[in-house]
Structure formats: C-alpha cells, structure tokens
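We're numbering straight along the sequence, starting at 1. Below, all heavy atoms of this structure are taken into account, side chains as well, without hydrogens, waters or symmetry copies. Because the structure is a prediction, the values reported are computed rather than measured.
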Amino acid sequence: MEFATAEDGGRESEANNKPLDFIEPTAVADFSMPSETLMRAALSLKDQVVAITWKRRRVMGVGVDPSVYTGLLGTAFTCFRSYEASGNNQDLIICTEIIDRCDEIARANSRHVTFLCGKGGVYALGAVVANCMGDHQRRDMYLNLFLEVAQERALPAGPEEGGFGMSYDLLYGRAGFLWAALFINKYIGEVNKLPSDLLMPVVEAVLAGGRAGASVSSSCPLMYRWHGTRYWGAANGLSGILHVLLYFPLSKEDAEDVKATLRYMMSKRFPHSGNYPSSEGNPRDELVQWSHGATSIAITLSKASEVFPGDREFRDAAIEAGEVVWKNGLVKKVGLADGVAGNAYAFLSLYRLTGESLYEERAKAFACFLYHNAPQLVNMEHNSPGADHACSLFQGLAGTACLWFDLLAPQNSRFPGYEL
C-alpha cells in the first residue's frame, strides 16, 4: 500500500485524498479490539512518539517546532491524554519538561496566540498540567502569561475583516485563542477560571468580523476569509470558527446568525455525495477530512445539536455527514488533520450525540485499521528528517495514539484541539 506524505492540512491541496479501501458496515463486527490491547498499543505508540520527537532532540540539540499542530507541544498533549487514560504521573513530568522547552522557543519566536499553533497552547497546557501536578506557583505563572497574551490588541478589535492583521480561524486566529481559553477553563477549577469579561469581547469581535465578511447578496450571515479564500473546514474556515462559538453563551441574535450560517452550509452540500465544499463556491468534491469536507462539519453539527436541541435538522445533518465519512472509506493518511484518525472522531462525536453503538463500532473499525497499518504507513526511523512530522499530533502518529486512548472511554472522547 502506498502512503502519500501528509501536507499542511490547513491549506487546500490539489493532492487527491481518495479512499484506499471501503469497509462495509456489515463487516464492522470483525474489527473488535480488547481494551487491554488498545491500552498497550496506545502507551507503546506514545512512548515511541516521545522517544523520536523529544528524547532524540535533547541528544541532537536540533531545532524545535513548539506547536501543538505539527510540533513538540503535540507530544506533550499526547502525554497529557495518556495521563488522563492511565493516571501515570510520569506522563505529567514529561509534559512539564516539554512545555518548558516550548515556552522558551514560543516566547522568542511565536507571533501566534492560538492553542494549535501559538503561545496560547503553550500557556494553556502549561497551566493545566501544573494544576494537575498540584504546582500552583507554576500554574499561576502560565495563567499570567496567558493573560498577557489576552491583552493582544487585535483580539477584541472591531468588525473590519482581520482587525489589525489577525485572522479569525482556529489555527492562527481568534477562534484558536478562544479555544485555548476554553481548555483552561475546563480543567483549571472555578476559582482560577478566566473571566467572561475577558473572553466575550473576543467572541463579539469574531461575530462582528463574520458579519463584515458576509456578502450582502448571500443568505449566509457569517463568513470569513483566510489568505483571501472563504474556507469552510475546521483549520482555517467556517466549521472551526462556528464550533468554538458554540461553546459560549450567545444572545438570541448571535445564535440565530450561527444557526443560519450552519443552514446555509447544509444547503450547499454536493447533491450526489452529501459532502461539503472545501471553500465557498468550490465545485470540487474530493476531500473528506477534518481540514476540509464532511468530517469537521459532522462534529460541529453534533455540537450544534447539543446546543440547540429543538432544531432537529442539525442532528439529522450531523448523521448524514457521518455517513459521508463512512462511505468515503479509508483515506491515504493517518493524521487528525487529513487522515483516518481524524475521520474516526466524527463517529465518536456521533456516538456521544446519539448513544448508538454503530458509531462506536465504526470508530473502532478505523482504529483497528491504524493498529494494523499505521506504523508501516509513515517513516518512524529515529534519525529520519521527517520523523518528527510523521509523529506529530495532527499530521502523524501522535493523533492515532490519542484516538486509541479515547476509544478506551468513547463516551468521554474529544477530538484533540477541537472538542472539549
């Protein structure tokens, strides 16, 4: 089986991501895996990721990408997930060492403030891990650093698209900052939660920017550009931004705009496949992944169904998007951004929404394929120039490890850096 090297999942690509294979729904029962096997596999893969991306780098002293998305902080996040699944404090110790290294680099070099690609992720994960370890001094240090990031003047800027050059997307923009804040508030405890008066002006700026970016001739009330293109996917587009907004209390007017935007997207599905365009007006029906296409939209619609339970259409559309992911089969890549691991999370989201075991079984089918094939599909050689990339959270095997950890308790599963 030939494997296509992962590209930047946040950018639209000409590369084909067509199915490698198709798994019939009736064959799902053949893809069972005992929890003990899954735990051992997840821990082993996590250890390999740590060895290649962290321990090797300390010996070699080579440069470090400090991001969650494709860099070293993604290894720390994977260790945190391992700690949540196993309770092993050694994972938190490794997390702390990695976060300290990423902190040094991010303070000097990172201009982004998001969870996935910026300082927001370093400080958010740093605060949460320190809190888990009972190190309140370190926790407060990282919380204060995050609060300094929150003073970035572009975050609550006016409605002009992009504000002071800052985008609105999940990877590099304001939605990514807001996700980091939500992550802190989920884990940090009520006393230390970030206040709403710090976050809601940013939420309002995101909504204002979406209204400013929407065309007066369109029925879509919110729209955003990233590098001039109106993307729809999670990384740089609508589904990622809307997903973050759905975690905040919205006024009636704001909620109606979010719902109308989702309905607009639902109305633009490709009629034959049910898939979603990767960007506004794009006629190509090729990509089914988290970065572009039905996967992230299934997850966002599942969240919308939870927030707006009276609107049955969102639940139905989430289920239909999940069917698109299933019928598309196994894509060529392994990662969260554009591969099998990311697509499996659409099923886990639907499992939590519906409680139907079918979706858990589908996620396990994809996970089982990764169990048997993932290590052979990427270059895991310790000294390979691409080893770090192949082990990264969003474009490599760290995402697979997180999927396996999540399948141990699918009712608590969450797509890393996307769901909370």
Could you tell me whether Trp290 and Tyr418 have their ring centroids closer than 6.0 angstrom? yes
With the threshold set at 4.0 Å, does a side-chain nitrogen-carboxylate oxygen contact exist between Lys364 and Glu360? yes
Residues two or more places apart in sequence or in another chain: which of them pass side-chain hydrogen bond (donor to acceptor under 3.5 Å, both in side chains) with Tyr371? none
Does His227 have its ring centroid less than 6.0 Å away from the ring centroid of Tyr231? no
Residues passing the salt bridge (charged side-chain N to carboxylate O under 4.0 Å, His left out) test with Arg211, sequence neighbours excluded, are Asp254, Asp257
Determine all donor-acceptor pairs shorter than 3.5 Å in which one atom belongs to a side chain in residues 74-82; sequence neighbours excluded.
residue : atom : partner : partner atom : Å
Thr75   : OG1  : Thr53   : OG1          : 2.7
Thr78   : OG1  : Gly74   : O            : 2.8
Arg81   : NH1  : Asp406  : OD2          : 2.8
Arg81   : NH1  : Arg414  : O            : 3.2
Arg81   : NH2  : Arg414  : O            : 2.9
Ser82   : OG   : Asp91   : OD2          : 2.8

Checking Ala318 now: which residues fulfil side-chain contact (heavy atoms from CB on, under 4.5 Å) with it, not counting sequence neighbours? Leu301, Ser302, Leu350, Leu353
Please enumerate all residues that pass salt bridge (charged side-chain N to carboxylate O under 4.0 Å, His left out) together with Arg269, with sequence neighbours excluded. Glu320
Looking at residues at least two apart in the chain, or sitting in another chain, which of them share a side-chain contact (heavy atoms from CB on, under 4.5 Å) with Pro201? Pro156
Sequence neighbours excluded, which residues qualify as side-chain hydrogen bond (donor to acceptor under 3.5 Å, both in side chains) partners of Glu306? Lys303
Ignoring hydrogens and angles, write down the donor-acceptor pairs under 3.5 Å from the side chains of residues 183-191, residues two or more places apart or on other chains.
residue : atom : partner : partner atom : Å
Asn185  : OD1  : Leu194  : N            : 2.7
Asn185  : ND2  : Leu194  : O            : 3.4
Tyr187  : OH   : Glu84   : OE2          : 2.8

According to the side chain to side chain donor-acceptor pair (under 3.5 Å) rule, which pairs have a member within residues 113-132, sequence neighbours left out? Asn131-Arg139
Are Met223 and Trp232 side-chain neighbours, meaning at least one heavy-atom pair lies under 4.5 Å? yes
Parallel, tilted or perpendicular, judged at 30° and 60°: which one describes the rings of Phe366 and Trp326? parallel
Once rounded to the nearest 0.5 Å, what's the spacing between atom CG of Leu336 and atom SG of Cys402? 7.0 Å
Name all residues meeting the salt bridge (charged side-chain N to carboxylate O under 4.0 Å, His left out) criterion together with Asp100; count only those two or more places apart in sequence or in a different chain, and write none if there are none. Arg138
Pairing residues for Glu148 by the salt bridge (charged side-chain N to carboxylate O under 4.0 Å, His left out) criterion, not counting sequence neighbours: none
Once side-chain contact (heavy atoms from CB on, under 4.5 Å) is applied, do any residues pair with Asn412, and if so which ones, sequence neighbours excluded? Ala409
Test: Glu97 and Lys55 ion pair at under 4.0 Å: no
